[in-house]
Amino acid sequence: MERLIMDQLKAWKNRKHRKPLIIRGARQVGKTWLMKEFGRREFENVVYISFDNNEHMKNTFQLDFDIKRIVSALKIEHGSDFRAENTLLIFDEIQEVPKALTSLKYFCENAPEYAIVAAGSLLGVALHPGTSFPVGKVDFLQLYPLNFQEFLMAAGQEGLAELLDTKEYGLINSFAGKYIDLLKKYYYVGGMPEAVQTYIETDDLQEVRRIQKGLLSYYENDFSKHVPKETIPRIQMVWNSIPVQLAKENRKFIYGLLREGARAREFELAIQWLLDCGLVHKSLRVKKPGMPLIAYVEMSSFKMFMLDVGLLAAKGDLEPAVLLEGAAIFEEFKGSLTEQFVAQELVTAGYELYYYSTENSSGEIDFIIQHDSDCIPIEVKAEENLKAKSLKAFCEKYHPRKAVRSSMSNYREQDWMINVPLYAIAQYLKNT
């Protein structure tokens, strides 16, 4: 399957002052496949080193940071000679050997001719005390689950995927039915590579759900492996509460839903752990749409989304018929899935997540993004409910240059607002 981040990897390869590159992202989002596929396409030779349960490599980096010695050890581990100018070095699960992470500084300073791509799922939480992180000596890229456009390409709908980039909305509107059908499937399948691959190969949504349930269990097993025992129950409570939090009308995270009398300070570490390992996204409340938005954030008020809409549907045990046929339960839960979907699309497009509400939580705007020198309010509608009272009130108060309502309706411009189809929201915001 094609990943749009591949273009950024090619740009990194051709950069004049290239640094070692770290690809961050949650487990199972496809980091290993991406690095190997990039090497296969762009280099004559690929040297893949996994640090997971690799005592030999651990000992290699334990001694010192003599790059010549380390390269010699890599050649032995790889089983053949290689030259810097045509080789990609891949360091996978680099968080398992913290000194290998530190060594990237010395590769950058003393051997910049080596192209190195490293990946780690738990870099924010699994580093040993005293580990020296190579600040300023590495580049970063973030990998997420497949977004909707990548899902279209994986499903053999390259034409529909490419059409979104053209912004020819008259033509896009004519294919609205196809986009909507595929979007509903995406709500169920999501963008986790194994789930998408299973859907493409089998067209069996129950098998997709089995894969998703396995991924959820995999993440929950990580809690017990990498977290102090006293923190595990709180992480589990936060993780399990997300579908309930998003099912509420205003979706603001409420500690009282975790347990009676719960306080923020009790769960700060648990929430930070989930953020650090990429399993959740946080949307912060802003009190007014000023620039920069971060200056107007109220840190104690936020929403929390999962990393993938398909995993949210799996955690809520929503059946295929519910999503695809629009059963009554979907009518109740679809707002959660839609807001989750838009959050994902914004994150993968490179935007920080913010939302707006007044002090009494009335007149909420689902998302506000900082785009160049403007703040763009975005109101999200699950189907074709075209009432936008909160957005209109916001526009009358703050007069934004542009306001967006995203729904299942076709693209159209009004005097004070632009309606953008949900399936085209990410592409609309590019260079808008």
Side-chain angles (χ1 to χ4, degrees), residues 4-5 8 22-26 29 123-125 135 138-150 191 238 242 245-246 250-253 264 268 271-309 312 336 338-358 361 364-380 390-391 394 398 400-406 418 420 422 424-432:
L4 297 175
I5 198 174
Q8 296 179 59
I22 293 177
I23 299 177
R24 296 183 289 196
V29 295
L123 287 174
V125 294
V135 177
V138 293
D139 293 321
F140 291 98
L141 280 179
Q142 190 81 27
L143 184 65
Y144 300 104
L146 280 75
N147 64 16
F148 182 59
Q149 189 175 35
E150 290 172 318
V238 173
I242 295 176
Q245 302 280 359
L246 291 177
N250 69 2
R251 316 201 208 291
K252 176 186 171 184
F253 192 88
E268 286 174 350
I271 290 172
Q272 192 59 49
W273 194 92
L274 290 168
L275 287 166
D276 284 342
C277 60
L279 292 180
V280 299
H281 302 301
K282 204 175 186 182
S283 179
L284 298 171
R285 175 182 175 258
V286 292
K287 293 175 278 190
K288 62 174 286 189
M291 293 287 288
L293 283 171
I294 191 67
Y296 299 91
V297 160
E298 182 186 350
M299 299 299 293
S300 61
S301 296
F302 60 92
K303 301 178 185 180
M304 190 176 294
F305 300 95
M306 292 183 68
L307 78 158
D308 177 66
V309 66
L312 176 62
S336 306
T338 303
E339 201 163 323
Q340 165 76 42
F341 166 75
V342 173
Q344 277 180 247
E345 292 290 287
L346 294 178
V347 166
T348 57
Y351 292 104
E352 298 291 330
L353 297 181
Y354 301 98
Y355 74 99
Y356 165 87
S357 71
T358 57
S361 296
E364 180 176 300
I365 302 299
D366 299 310
F367 297 99
I368 291 186
I369 62 167
Q370 189 169 306
H371 185 84
D372 295 331
S373 59
D374 291 310
C375 295
I376 301 177
I378 303 172
E379 185 163 327
V380 174
S390 295
L391 185 60
F394 179 92
Y398 293 110
R401 182 179 65 86
K402 184 175 293 185
V404 172
R405 177 183 59 204
S406 193
I418 299 169
V420 180
L422 286 162
I425 186 66
Q427 290 70 36
Y428 171 78
L429 292 170
K430 287 181 185 175
N431 304 316
T432 191

### Task
Evaluate the criterion side-chain contact (heavy atoms from CB on, under 4.5 Å) for residue pair Leu274 and Ile271; output intermediate values, then yes/no.
CA-CA 5 Å; Leu274 290 168; Ile271 290 172; 5.6 Å; no

### Heavy-atom side-chain contact between Met306 and Leu279 under 4.5 Å
no

## Note on the structure
Here the gap from Leu246 atom CG to Phe305 atom CZ, rounded to the nearest 0.5 Å, amounts to 6.0 Å

#### Entry: Main-chain N/O of Leu429 paired with Tyr351 side-chain donor or acceptor, under 3.5 Å
yes

### Task
For residues Lys402 and Ile418, determine if any side-chain heavy atom of one lies less than 4.5 Å from a side-chain heavy atom of the other.
yes

### Query
If you take all heavy atoms of Ala426 and Glu345, which pair is closest and at what distance?
CB-OE1, 3.6 Å

### Message
Using only atom types and a distance under 3.5 Å, with no angle test, would you say the side chain of Ser390 pairs donor to acceptor with the backbone of Ile365?
### Response
no

### Message
So Leu353 and Leu346, do their side chains get closer than 4.5 Å, heavy atoms only?
### Response
yes

### Task
Only one of Arg285, Glu298, Lys287 passes side chain to side chain donor-acceptor pair (under 3.5 Å) with Ser357; say which it is.
Arg285

### Message
I'd like to know if Lys303 pairs up with Glu339 as an ion pair, taking the criterion as any Lys NZ or Arg NE/NH1/NH2 lying under 4.0 Å from an Asp or Glu carboxylate oxygen.
### Response
yes

### Message
When you measure from the side chain of Asp372 to the backbone of Asp374, do you find a donor-acceptor pair of N or O atoms at a distance under 3.5 Å?
### Response
no

### Query
When you measure from the centre of the six-membered ring of Phe302, is the NZ or CZ of Lys282 under 6.0 Å away and within 45° of the axis?
yes

### Query
Around atom CD of Gln370, are there more than 12 heavy atoms of other residues, nucleotides or ligands at under 6.0 Å?
yes

#### Entry: Verdict with reasoning, Gln272 to Glu268, per side-chain hydrogen bond (donor to acceptor under 3.5 Å, both in side chains)
CA-CA 6 Å; Gln272 192 59 49; Glu268 286 174 350; over 6 Å; no

### Task
State whether the side chain of Glu150 and the backbone N or O of Leu4 hold a donor-acceptor pair below 3.5 Å, judged by distance alone.
yes

### Query
Taking the six-membered ring for Trp, is the centroid-to-centroid distance between Phe367 and Tyr354 below 6.0 Å?
no

### Query
Side chains of Gln427 and Gln149: donor-acceptor distance under 3.5 Å anywhere?
yes

#### Entry: Separation of Asp366 CG from Arg405 CZ (nearest 0.5 Å)
12.5 Å

### Message
Is the shortest side-chain heavy-atom distance between Tyr355 and Arg251 below 4.5 Å?
### Response
no

### Query
Between CD1 of Ile376 and CD1 of Ile368, what distance do you get to the nearest 0.5 Å?
10.5 Å

### Message
Is there a side-chain contact between Cys375 and Ile369 in this structure, where contact means two heavy atoms from C-beta onward sitting under 4.5 Å apart?
### Response
no

### Message
With a 4.5 Å cut-off on side-chain heavy atoms, are Leu307 and Val29 touching?
### Response
yes

### Message
Whether the side chain of Gln344 engages the backbone of Val309 through a donor-acceptor N/O pair (distance < 3.5 Å, no angle test) should be reported.
### Response
yes

